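Below: the structure, in structure tokens.
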Amino acid sequence: MRVLVVGGGGREHTLVWKIAQSPKVEKIYAAPGNAGISQAAECIPIQPTQIDELADFAEEKRVELTVVGPEGPLVVGIIDTFQTRGLKIFGPSKQAARLEGSKVFAKELMRDYGIPTAQFEVFTSPDKAIGYIKAKGAPIVVKADGLAAGKGAVVAMTEEEAIEAVEKMLVKKAFGEAGEKVVIEEYLQGEEASVLALSDGETIVPLVPSQDHKRAFDGDQGPNTGGMGAYAPAPVITEELMQKINSKILQPTVEAMANKDIIYKGVLYAGLIMTAQGPQVLEFNCRFGDPESQAQLPLMKTDLVDVLLAICDQRLKDVSIEEENKAAVCVVMASEGYPGAYEKGKEITGLKQAEQMEGIVVFHAGTKLEKGKIVTNGGRVLGVTAVAESISAAVNRAYQAVERIRFQGAHYRGDIGFRALARER
Ligand code: AMP
Ligand code: GLY
């Protein structure tokens, strides 16, 4: 079978790596891919948002399954375009992807269906938004409605910061259309976790729960990033909590969508926070997490292609998804300066030495081949993943591998998994 993976980051390398393990698969294409992906797939120079070009390519090469990594193409309707052209593709439709594409849509759905989430109001008028902030006081959270590359949520510890965020979004239009509406919501406290489930619209199967590390520096300090590391399973999500999350959040969300005549097929990613009142939804995403998938997919025993095909054909109930009884930890190595400005083109060495280690896989995020050398080509460069018997063993192994890899200015957090380690003790 011929498979096309759309995207070129760490998540997509993980998808390609996992898909390549399927005996069904004879050829993988990736658009646009990266240096790591090119070891297992043919990389083609088409960007994820060039939907018509991707569909033309899939048709021409008789691709039998397309798998979409990032949210951008999902939100603008890549699934609908492919399906209209009779091409099989994994992911939620444009309507279904609104769960991630519009915070207003997601929040209103949760409010209408009693799915636990922070109290909120929606604003288009800066004056009304500012009046609300003054009435509620800080801390308070301001979020742009649409996609904003991870920069659309401002957790404001003071009223001034919240007002500044409103002005940035509604007056200065820093996020364009994505910031024409804002959600202002109650500040919640608790430990966060990423609970992802596979859904075919009827059957919902949660994956092993994971935890991301969004801040740039150790101890959750510094600016928010796309994610500096992840691990799975996350012990904060006990079995009992998982059942509650399934029955109060995941199932009702897919049912609420069905009530709106939207069949939710694909990955339903719930970004959760464990408050004193129980788990609440911070956000939904409509795709695999990055870097969560670098920790989750290596733990999946089942052939991912079988699972994805079953979801496309709405027969997920017939597939049993088995997970390794192990732990995985992914440490992201980033460019100096990330998430701010950074330089590219630094040679990366030591990859082979790291990959030779037992239980290690190095997923590439921002890398490219240049004159036969692998060089940095993005903010997040590598996701060094270790699988072991426990989180602590996986943490140790991952950092041993990280130490073998070098590039100028490499930056990584030294405390990935710290919350799980505190619980292991
Ligand atoms: P989001 O893009 O909505 O997931 O927000 C990004 C990050 O902001 C989350 O991972 C949380 O750390 C934080 N955050 C979002 N909403 C809230 C909230 N209501 N209360 C506290 N922190 C939040
Ligand atoms: N790791 C956060 C995300 O995938 O959105």
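Indexing begins at 1, ligand by ligand and atom by atom, following the structure's order. Predicted, not measured: the structure shown is a model, and the values here were computed from it.
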(message) With a heavy-atom distance limit of 4.0 Å, tell me whether R11 approaches ligand 2 through its side chain, its backbone, both, or neither.
(response) neither
(request) Apply the test salt bridge (Lys or Arg N to Asp or Glu O under 4.0 Å) to residues R98 and D145: give CA-CA distance (whole Å), side-chain angles for both, the deciding distance (0.1 Å), then the verdict. (result) CA-CA 10 Å; R98 290 182 76 199; D145 177 37; over 6 Å; no
(message) I need the atoms of ligand 2 closer than 4.0 Å to a non-hydrogen atom of E292, numbered in the order shown.
(response) 1 (N), 2 (C), 4 (O)
(message) Measuring from non-hydrogen atoms of G289 to any atom of ligand 2, is the shortest distance under 4.0 Å?
(response) yes
(message) Among K368, K346, K344, exactly one meets side-chain contact (heavy atoms from CB on, under 4.5 Å) together with V375. Which residue is that?
(response) K368
(message) With a 4.5 Å cut-off on side-chain heavy atoms, are L74 and I79 touching?
(response) yes
(message) Could you check whether any side-chain heavy atom of T385 comes within less than 4.5 Å of a side-chain heavy atom of T14, counting everything from C-beta outward?
(response) no
(request) Have a look at E185 and tell me which of K107, K103, Q119, K136 forms a side chain to side chain donor-acceptor pair (under 3.5 Å) with it. (result) K107
(message) Tell me whether the rings of F57 and Y29 are parallel (<30°), tilted (30 to 60°) or perpendicular (>60°).
(response) perpendicular
(message) If we only consider heavy atoms of P291, is any one of them less than 4.0 Å away from an atom in ligand 2?
(response) yes
(request) Taking only heavy atoms of R287 into account, list the atoms of ligand 2 that are under 4.0 Å away from them. (result) 3 (C), 4 (O), 5 (O)
(request) For ligand 1, list the protein residues that place a heavy atom within a distance below 4.0 Å of one of its atoms, sorted by chain and number. (result) K103, V141, K143, A153, V155, E185, E186, Y187, L188, E192, K214, L282, E283
(message) If we check side-chain contact (heavy atoms from CB on, under 4.5 Å) with W17, which of these qualifies: V361, I28, L304?
(response) V361
(message) Surrounding CD of E336 (heavy atoms of other residues, nucleotides or ligands, distance under 6.0 Å), is the total greater than 12?
(response) no
(request) Evaluate the ring planes of F217 and H411, with Trp represented by its six-membered ring, and classify them as parallel (under 30°), tilted (30 to 60°) or perpendicular (over 60°). (result) perpendicular
(request) Please identify which atoms of ligand 2 are closer than 4.0 Å to at least one heavy atom of G226. (result) 1 (N), 2 (C)
(message) Salt bridge check, D112 against K260: does any charged N sit closer than 4.0 Å to a carboxylate O?
(response) no
(request) Could you tell me whether ligand 2 has any atom less than 4.0 Å away from a heavy atom of A230? (result) no
(request) Report the member of D290, N224, D212, N285 with the shortest heavy-atom distance to atom 4 (O) of ligand 2. (result) D290
